[in-house]
K.L.:
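Dropping the structure in here first, questions after.
Every number for a ligand or one of its atoms is a count from 1 in the order of the listing.
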Amino acid sequence: MKRLLVTGGAGFIGSNFVRYVTTIEPDIYITVLDKLTYAGNRENLANLTQNVELVIGDICDVSLVEKLVPVNDAVIHFAAESHNDQSLDNPSLFVQTNIIGTYTLIEACRKFNTRYHHVSTDEVYGELALDDPKKFTPESPYNPSSPYAATKAGSDLLVKAWVRSFGLHATISNCSNNYGPYQHIEKFIPRQITNILCGTKPKLYGNGKNVRDWIHVDDHSSAVWLILTQGKIGETYLIGANGEKDNKAVIDLILELMNQPNDAYEYVTDRLGHDLRYAIDATKLEQELGWQPKFTDFRKGLFETIMWYRENQQWWLREKEAVEREYMNRKK
Ligand code: NAD
Ligand code: TDX
């Protein structure tokens, strides 16, 4: 593969993926297609100008997509509306980008016979009970809870149908919760780090017992690269690094690593439909493709993430007030 089209490459995971590929395969030419919504930022691609081009545009724009797809060897589709809280406020944007956008891309890949990788989430499987010994596997039934998760589930199902009915050369990955640099400050971990840096208390939804399965974004990138280059067409791979933690434990660790008193946080109103627990069984990816996560020390990864937000205040500070205002309005 010499030329890749990466949708959503100016967002959190997409930009980390682009950086990862430019490091391991410096000769590959990457075109990023990104609408630069509030979650996209051209600064995420700064210093990556050689062999990386940003095209500002919408994945729902058929003529633009049909121009870009045939001149690339593969499409890696990260673009999405990605925040559950936003999806409760404005589901229509999620239906448009996550479903119509995916449909537009796979139709173009079908037309030009282009390799397609679909980036998705463990949230399509719904929630697990806190005491359930099971984790999600590729055979788990789809049971999404939020508008975000439902639109991601819908997009996965479109891809599966295009593989079966039209022979689309596609793979799918469903990954657990990512953390690391360049994550938008609306999301849990960066929101709490930047709250502390601004002198406000971290906010814990509900009783803080909801569990997420954390993975470092660079481990997600290495897994997607492996699936793209060695995965079996038509297959779904689950990506996770055995990182289950409840939200209270994550807040406790952030407070400790940032030298705050251990009670310097507050409980706030819970999210509607808040899933209790996600957990990924990545055995298939490990056994069939030999993938292993590298960032298995969560404490170290979290500390480095905290340092990144400390050192890159110009990246997030100007948006902080507006993001928190939106959270306040949501509560009303
Ligand atoms: P993000 O919100 O940080 O980035 C999304 C990017 O997509 C932004 O740059 C945005 O400008 C772009 N975009 C949005 N709508 C677009 C459109 N219509 N056309 C073109 N570009 C558009 O999201 P993220 O956290 O980096 O997630 C990336 C992908 O990974 C998503 O598909 C998400 O569902 C999936 N995922 C995320 C996580 C996680 O923990 N964040 C976990 C598993 C899977
Ligand atoms: O202020 C907060 N307080 C809090 O307790 C926020 C923003 C969140 N939470 C809780 C809700 C979740 O249990 O923290 C957990 C993580 O929340 P988010 O960062 O919003 O992530 P989540 O809803 O789990 O979804 C994320 O992982 C799966 C990504 O946003 C999705 O794009 C991905 O598919």
Side-chain angles (χ1 to χ4, degrees), residues 6-17 32-42 44-45 54-61 64-65 76-88 93-94 96-98 100-102 104-105 118-124 127 144-146 148-149 151-152 155-156 173-180 182-192 195 201-215 217 220 224 238-240 245-248 250-251 265-271 273-278 280 323-324 327 330:
V6 177
T7 72
F12 163 47
I13 305 174
S15 65
N16 277 289
F17 177 78
V32 167
L33 171 58
D34 199 297
K35 193 176 162 184
L36 297 186
T37 66
Y38 76 95
N41 187 341
R42 60 166 76 241
N44 297 3
L45 298 167
L54 171 62
V55 174
I56 300 170
D58 195 322
I59 53 168
C60 303
D61 179 342
L64 176 60
V65 165
I76 303 94
H77 177 35
F78 291 92
E81 287 293 337
S82 69
H83 192 37
N84 276 302
D85 291 322
Q86 296 271 9
S87 83
L88 296 162
L93 253 181
F94 287 70
Q96 181 65 20
T97 284
N98 298 357
I100 306 298
T102 298
T104 307
L105 290 166
H118 185 72
V119 176
S120 192
T121 168
D122 56 3
E123 296 195 22
V124 299
E127 67 178 359
S145 306
S146 70
Y148 162 70
T151 58
K152 291 298 291 187
S155 71
D156 290 14
S173 56
N174 297 81
C175 187
S176 61
N177 281 62
N178 285 221
Y179 75 97
Y182 300 98
Q183 186 166 32
H184 194 275
I185 54 169
E186 69 188 352
K187 302 287 176 11
F188 179 56
I189 287 180
R191 183 180 184 208
Q192 315 315 336
N195 275 350
K201 287 182 177 172
K203 313 278 187 262
L204 203 43
Y205 289 174
N207 61 12
K209 294 203 171 110
N210 303 62
V211 170
R212 295 295 181 265
D213 188 353
W214 293 99
I215 182 172
V217 64
H220 189 179
V224 168
L238 268 50
I239 308 172
K245 274 170 195 51
D246 71 40
N247 294 336
K248 167 77 165 56
V250 175
I251 294 246
Y265 66 93
E266 59 194 12
Y267 288 100
V268 296
T269 314
D270 206 356
R271 172 186 284 171
H274 192 180
D275 280 337
L276 266 181
R277 172 176 162 242
Y278 307 135
I280 289 276
V323 170
E324 289 307 315
Y327 272 113
R330 209 167 266 144

K.L.:
Sub-3.5 Å donor-acceptor pair from the side chain of K201 to the main-chain atoms of Y267, do we have one?
P.N.:
no
K.L.:
With no hydrogens and no angle check, is any side-chain donor or acceptor of Y327 less than 3.5 Å from a backbone partner on E186?
P.N.:
yes
K.L.:
Closest by any non-hydrogen atom to atom 6 (C) of ligand 2: pick that one out of Y267, W214, Y205.
P.N.:
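That would be Y205.
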K.L.:
Has D122 got a side-chain atom pairing as donor or acceptor with Y278's backbone, closer than 3.5 angstrom?
P.N.:
no
K.L.:
Using modelled atom types only, decide if a donor and an acceptor are shared between the side chain of D270 and the backbone of N207 within a distance under 3.5 Å.
P.N.:
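Looks like no, no N/O pair under 3.5 Å.
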K.L.:
Tell me the protein heavy atom at minimum distance from atom 3 (N) of ligand 2, and give that distance in Å.
P.N.:
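Closest protein heavy atom to atom 3 (N) of ligand 2: K203 O, 2.8 Å.
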K.L.:
Taking D58 first and then K35, would you say they form a salt bridge - that is, a charged N and a carboxylate O separated by under 4.0 Å?
P.N.:
yes
K.L.:
Mind checking what makes side chain to side chain donor-acceptor pair (under 3.5 Å) contact with S87, not counting sequence neighbours?
P.N.:
none
K.L.:
Nearest to atom 17 (O) of ligand 2, what protein heavy atom do you find, and at what distance?
P.N.:
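Minimum-distance protein heavy atom for atom 17 (O) of ligand 2 reads F188 CB, 3.6 Å.
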K.L.:
Report, in ascending order of atom number, the atoms of ligand 2 lying under 4.0 Å from any heavy atom of L204.
P.N.:
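Counting atoms of ligand 2 from 1, those under 4.0 Å from L204 are 5 (O).
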K.L.:
Could you list the atoms of ligand 2 found under 4.0 angstrom from a heavy atom of T121?
P.N.:
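Selected atoms, number and element: 28 (C), 33 (C), 34 (O).
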K.L.:
Name the residues in contact with ligand 1, where contact means a heavy atom under 4.0 Å away: which are they?
P.N.:
G8, A10, G11, F12, I13, D34, K35, L36, T37, A39, G40, G57, D58, I59, F78, A79, A80, S82, T97, V119, S120, T121, Y148, K152, C175, S176, N177, N178
K.L.:
Any donor and acceptor pair, going by atom type alone, linking the side chain of T151 with main-chain N or O of Y148 inside 3.5 Å?
P.N.:
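Yes, because the side chain of T151 sits within donor-acceptor range (under 3.5 Å) of the backbone of Y148.
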K.L.:
May I ask you to identify the nearest protein heavy atom to atom 29 (C) of ligand 2, giving residue, atom name and distance to one decimal place in Å?
P.N.:
S82 O, 4.0 Å
K.L.:
Under 3.5 Å between some N or O of ligand 2 and some N or O of Y278?
P.N.:
no
K.L.:
Nearest non-hydrogen contact with atom 1 (O) of ligand 2 belongs to which option: E186, R191, E81?
P.N.:
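When every heavy atom of E186, R191, E81 is considered, R191 comes closest to atom 1 (O) of ligand 2.
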K.L.:
Checking a contact table here: which protein heavy atom is nearest atom 34 (O) of ligand 2, and how many Å away?
P.N.:
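Result for atom 34 (O) of ligand 2: Y148 OH, 2.5 Å.
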K.L.:
Would you confirm whether E123, through its side chain, and A149, through its main-chain N or O, come within 3.5 Å as a donor-acceptor pair?
P.N.:
no
K.L.:
When you measure from atom 28 (C) of ligand 2 to every protein heavy atom, which one gives the shortest distance, and what is it?
P.N.:
E123 OE2, 3.0 Å
K.L.:
Would you check whether D85 has a nitrogen or oxygen atom less than 3.5 angstrom from a nitrogen or oxygen atom of ligand 2?
P.N.:
no
K.L.:
Checking side chain to side chain contact (heavy atoms under 4.5 Å, CB included) between L33 and each of I56, L54, V65, which is the one that passes?
P.N.:
V65
K.L.:
Does N98 use its side chain to pair, donor to acceptor, with the backbone of E81 at less than 3.5 Å?
P.N.:
yes
K.L.:
What atoms of ligand 2 come within less than 4.0 Å of a heavy atom belonging to H83?
P.N.:
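With H83 as reference, the close atoms of ligand 2 come out as 20 (O).
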K.L.:
In ligand 2, which numbered atoms sit nearer than 4.0 Å to a non-hydrogen atom of Y327?
P.N.:
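Near Y327, meaning under 4.0 Å from one of its heavy atoms, ligand 2 has 7 (C).
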K.L.:
Tell me which protein heavy atom sits closest to atom 24 (O) of ligand 2, plus the residue, atom name and distance to 0.1 Å.
P.N.:
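Nearest neighbour among protein heavy atoms for atom 24 (O) of ligand 2, to 0.1 Å: R212 NE, 2.8 Å.
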K.L.:
To the nearest 0.1 Å, how far is atom 10 (C) of ligand 2 from its closest protein heavy atom, and which atom is that?
P.N.:
N247 ND2, 3.4 Å
K.L.:
When only distance counts, is N177 in polar contact with ligand 2, meaning an N/O pair under 3.5 Å?
P.N.:
yes
K.L.:
Going by the order shown, which atoms of ligand 2 are within less than 4.0 Å of some heavy atom of Q192?
P.N.:
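This gives 1 (O), 2 (C), 3 (N) as the contact atoms.
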K.L.:
Of the protein's non-hydrogen atoms, which lies at the shortest distance from atom 23 (O) of ligand 2, and what is that distance?
P.N.:
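Of every protein heavy atom, R271 NH1, 2.6 Å lies nearest to atom 23 (O) of ligand 2.
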K.L.:
Hey, does the side chain of Q192 reach the backbone of K203 with a donor-acceptor pair shorter than 3.5 angstrom?
P.N.:
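Yes, the answer is positive, given that a donor and an acceptor are paired below the 3.5 Å cut-off.
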K.L.:
Does S120 reach the main-chain N or O of S173 with its side chain, forming a donor-acceptor pair under 3.5 Å?
P.N.:
no
K.L.:
Going by heavy atoms in the side chains, are V250 and F188 under 4.5 Å from each other?
P.N.:
yes
K.L.:
Check the pair H118 / S155 against side chain to side chain donor-acceptor pair (under 3.5 Å), numbers first and verdict last.
P.N.:
CA-CA 9 Å; H118 185 72; S155 71; 3.2 Å; yes
K.L.:
Less than 4.0 Å is my threshold; does some heavy atom of H274 fall inside it relative to ligand 2?
P.N.:
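Right, H274 reaches ligand 2.
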K.L.:
Mark yes or no for whether D34, through its side chain, and A10, through its backbone, hold a donor-acceptor pair below 3.5 Å.
P.N.:
yes
